[in-house]
Structure formats: C-alpha cells, structure tokens
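Right, one structure below, let's go through it.
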Amino acid sequence: MPRSNMYDSCSMVLKTLEYLHNLPEPSIGEKQIQVRTTDIAEYLTSQNLIPQRTVTRDTAKKILDSIADSSSTFYLLERKTSNGGQDEYWYRRAFTLEQISLLSTIITSSMFLNEQQIGNLLTQLSALTSKDNAAELSAADHFLRPR
C-alpha cells in the first residue's frame with residue numbers, strides 16, 4: 001500500500017472516531033445511537049481528507065466494520081443485521097452523562113484533593129464525553145467547596 005493511501009485511510013478512521021465521540025447523547029430511555037453509513041460518508045467528504053474525492057458508503061462501512069471488530073478501542077460500536085439483511089451500526093458511550101456528572105460532583109466535593117488536582121481530574125473526566133456535554137459538565141461544576 002502506498003504511503004499516501006495508508007495516511008488517507010488512517011485519517012479517515014481517526015475522523016470517524018472523532019465523529020462518534022461528538023455524537024449527541026441518546027434520547028431518554030435509549031442507550032444506543034444508530035450510526036448511518038451515509039452520515040459517516042458525508043462527514044468524511046466534508047472534512048476534505050482526500051481532495052477532489054468523495055467518500056462512498058462502502059468505504060464508511062469498511063471503517064465502521066473495523067471499529068466494531070476491534071475490541072481494544074474505547075468506542076462501543078455494535079454491528080447488527082436488520083430484517084432486510086442490511087448491517088446496522090449502534091454506538092453507545094461507556095459512561096452516560098448522568099454517571100459522569102455524578103463523578104464530577106464527587107471529585108469537586110472531595111476533602112483531600114487540592115484545586116489543581118480537582119481541575120486536572122475534571123479535565124480528564126470531560127474527555128470521556130462530547131464537547132457539548134463537557135461544556136454542560138463544566139457549567140454544572142459551579143462550585144468548589146470552601147477551603
């Protein structure tokens with residue numbers, strides 16, 4: 001495989017992981033979000049990773065298959081076959097927003113951590129969710145206990 005093709009395919013996988021990371025939270029009562037290959041293909045094409053070329057749904061399917069087959073990633077992507085024989089992809093986060101919010105409350109109310117340690121832990125915790133949810137978390141952490 002030529003180097004440019006290898007870098008193009010790696011960047012497409014990384015951008016797909018970025019897309020999955022920034023997906024919104026599932027609706028109340030649902031634990032997973034359906035990921036469509038057309039959405040992935042449109043996103044990768046809009047990122048202009050390979051100039052003058054569009055990404056096809058087959059390429060997006062191969063990328064999603066590789067992520068779903070990899071058990072070593074933090075991204076919990078599940079492939080299911082629908083009644084029509086088509087593959088469907090379902091994504092879920094390792095932690096829900098409520099769980100991360102509870103952890104951030106526990107961290108901020110800790111008696112044995114200083115403010116710098118609290119800030120570092122909250123930064124690491126916000127990396128477990130999307131940018132929008134991380135902004136909600138930082139707005140929710142409106143207080144640090146009095147010293």
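The shown structure was predicted, so the numbers you read here are calculated from the model rather than taken from an experiment.
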Roughly how far, to the nearest 0.5 Å, is the [atom2] atom of [Y] from the [atom1] atom of [X]?
X    : Y    : atom1 : atom2 : answer
Y89  : T37  : OH    : OG1   : 7.5 Å
I118 : S109 : CD1   : OG    : 8.5 Å
Q99  : L102 : CD    : CG    : 8.5 Å
T129 : N22  : OG1   : CG    : 9.0 Å
L44  : T16  : CG    : OG1   : 4.0 Å
M12  : Q47  : CE    : CD    : 12.5 Å

Looking at residues at least two apart in the chain, or sitting in another chain, which of them share a side-chain contact (heavy atoms from CB on, under 4.5 Å) with [X]?
X    : value
T45  : T54, V55
E78  : Q32, K80
L23  : Y19, L20, I33, V35, Y91, R93
S126 : A134

Partner set under salt bridge (Lys or Arg N to Asp or Glu O under 4.0 Å) for D65, not counting sequence neighbours:
K61, R79

Is it possible for you to say whether [X] and [Y] belong to one hydrophobic cluster, with membership spreading through side-chain heavy-atom contacts below 4.5 Å?
X    : Y    : answer
L103 : L113 : yes
Y43  : L77  : yes
L121 : F112 : yes

Shortest non-hydrogen separation from A60 to A41 and the atoms involved
CB-N, 4.0 Å

Do the side chain of [X] and the main chain of [Y] share a donor and acceptor less than 3.5 angstrom apart?
X    : Y    : value
E42  : D39  : no
S101 : E98  : no
S110 : I107 : no

Those residues at least two apart in sequence (or on a different chain) that pass side chain to side chain donor-acceptor pair (under 3.5 Å) with T56 are T59

Just so I know, are the side chains of D87 and L64 near enough to count as touching, which here means a heavy-atom distance under 4.5 Å?
no

